[in-house]
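Notes to accompany the following structure.
Here is how names work: the chains are called A, B, and so on, in the same order as the sequence lines, proteins then strands, and each is numbered from 1. Please read all numbers here as calculations on a predicted model, not as lab measurements.
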There are 2 protein chains.
Amino acid sequence: MPLDMTPSQALGLWHAVMLETVRQDRRDLTMRQFAILMEIYLVPPPHTVRGLAATLGVTKPVITRALDTMGEMGLVTRVRDERDRRNVVIRRTVDGALYLERLGDLVIASGRKLD
Amino acid sequence: MPLDMTPSQALGLWHAVMLETVRQDRRDLTMRQFAILMEIYLVPPPHTVRGLAATLGVTKPVITRALDTMGEMGLVTRVRDERDRRNVVIRRTVDGALYLERLGDLVIASGRKLD
DNA sequence: GGTCTTCGTTACGCTACCGTATCGGTTCCC
DNA sequence: GGGAACCGATACGGTAGCGTAACGAAGACC
């Protein structure tokens with residue numbers, strides 16, 4: 001079921017969510033970090049550094065660094081893949097799920113307030 | 001006319017737009033810079049450094065720096081206010097308008113592709 | 001006219017992210 | 001078993017944003 005919007009609604013929605021995100025979060029994530037986080041939580045696992053790098057079109061160190069940062073925030077975890085010990089499997093956390101849930105609520109609330 | 005979404009739609013939309021934005025933009029804006037840009041283009045002028053800082057809940061140097069960066073990108077311009085020469089009025093540019101128009105298109109297209 | 005306030009900007013030291021190149025560890029494959 | 005390929009992490013120099021503090025310019029006020 002597609003979601004239809006007018007240009008005004010689309011930009012208004014984006015505006016409202018961005019504004020509130022900036023106002024709330026003292027330490028905001030980078031756009032890239034945000035994209036990585038959503039990829040991890042909205043696309044079925046498993047997720048690897050290499051795979052995320054390819055999906056986002058960035059280099060591997062970008063992913064490693066982002067996972068370091070978000071790991072310290074408790075938003076993701078890394079576990080060595082025992083089947084192929086070269087790989088690292090990125091796993092979700094409860095805090096990360098809550099974080100995204102709040103973001104979803106913010107988007108919904110912003111959409112409801114339009115006009 | 002409110003825009004109603006399910007949690008899945010909200011996060012899916014955010015995910016798709018973030019992903020595409022990261023993939024396209026080589027030099028991505030900060031979340032704060034993005035919020036500033038949208039505030040300038042979606043809220044009626046005039047816009048000042050002080051006003052934007054208050055709206056976003058950040059310090060004035062943050063605004064100054066963001067305007068420096070976005071000015072170099074051609075997304076905004078600054079003009080001294082002749083009525084009160086202490087103020088600086090932030091003005092829109094054609095390039096900035098096009099930039100936001102493309103973003104709006106991206107949001108709409110992403111919404112249409114959901115599910 | 002002299003102070004006091006209000007602007008936006010700049011200075012400074014710090015932190016975080018960037019891209020490139022390389023590394024150690026692991027698997028593959030002959 | 002040994003070299004090649006692969007994976008993620010690290011090193012390094014550079015750049016950009018951050019917060020705090022201060023600055024110069026311009027208006028306000030008595």
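A:R80 contributes a side-chain N or O that, together with a main-chain N or O of A:R85, makes up a donor-acceptor pair within less than 3.5 Å. Using a distance-only test at 3.5 Å, with no hydrogens or angles considered, no donor-acceptor pair links the side chain of B:R32 to the main chain of A:V22. No donor-acceptor pair under 3.5 Å is formed between the side chain of A:H47 and the backbone N or O of A:I90. Looking at B:R23, its side chain does come within 3.5 Å of a backbone N or O of A:T55 through a donor-acceptor pair. Without hydrogens or angle criteria, A:R91 side chain to A:T77 main chain gives no donor-acceptor distance under 3.5 Å.
The side-chain heavy atoms of B:H15 and B:L114, taken from C-beta on, include no pair separated by under 4.5 Å.
For the segment residues 40-56 of chain B, residues with any heavy atom less than 4.0 angstrom from an atom of DNA chain C are, sorted by number, B:T48, B:V49, B:R50.
In this structure, CD1 of A:I90 is placed 7 Å from P of D:dG8, rounded to the nearest angstrom. One interatomic measurement links the two molecules: CG of B:L67 to C1' of D:dA16, which rounds to 15 Å at whole-angstrom precision. As a whole-Å value, the separation of A:L29 CG from C:dC17 C1' is 13 Å. In this structure, CE of A:M73 is placed 13 Å from C1' of C:dT15, rounded to the nearest angstrom. Spacing between atom CD of B:Q33 and atom P of C:dC17 amounts to 15 Å, rounded to whole angstrom units. The separation between A:N87 atom CG and D:dA9 atom C1' is 14 Å, rounded to whole Å. Atom CZ of A:R32 and atom C1' of D:dA16 are 13 Å apart (whole Å). Atom CD1 in B:I63 sits about 16 Å away from atom C1' in C:dT10, given to the nearest Å.
For a distance-only test at 3.5 Å, the side chain of A:R65 fails to qualify as a donor-acceptor partner of the base of D:dG8.
Note on A:T64: every side-chain N or O is 4.0 Å or more away from OP1 and OP2 of D:dG8. A:T69 has no side-chain polar atom (N or O) that falls below the 4.0 Å cut-off from OP1 or OP2 of C:dA16.
Using bins of under 30°, 30° to 60° and over 60° for the plane-to-plane angle, the ring pair B:W14/A:W14 lands in the parallel bin.
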**Item:** Letter per nucleotide, 5' to 3', of nucleotides 21-30 of chain D [B base touched, S only sugar-phosphate touched, - untouched; heavy atoms, 4.0 Å]
**Value:** B----BS---
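Minimum interatomic distance between A:Q33 and A:M70 (heavy atoms only, all atoms of both residues): O-SD, 3.6 Å.
Each of B:L29, B:T93, B:V94 was scored for a side-chain contact (heavy atoms from CB on, under 4.5 Å) with B:Y99, with one residue passing: B:L29.
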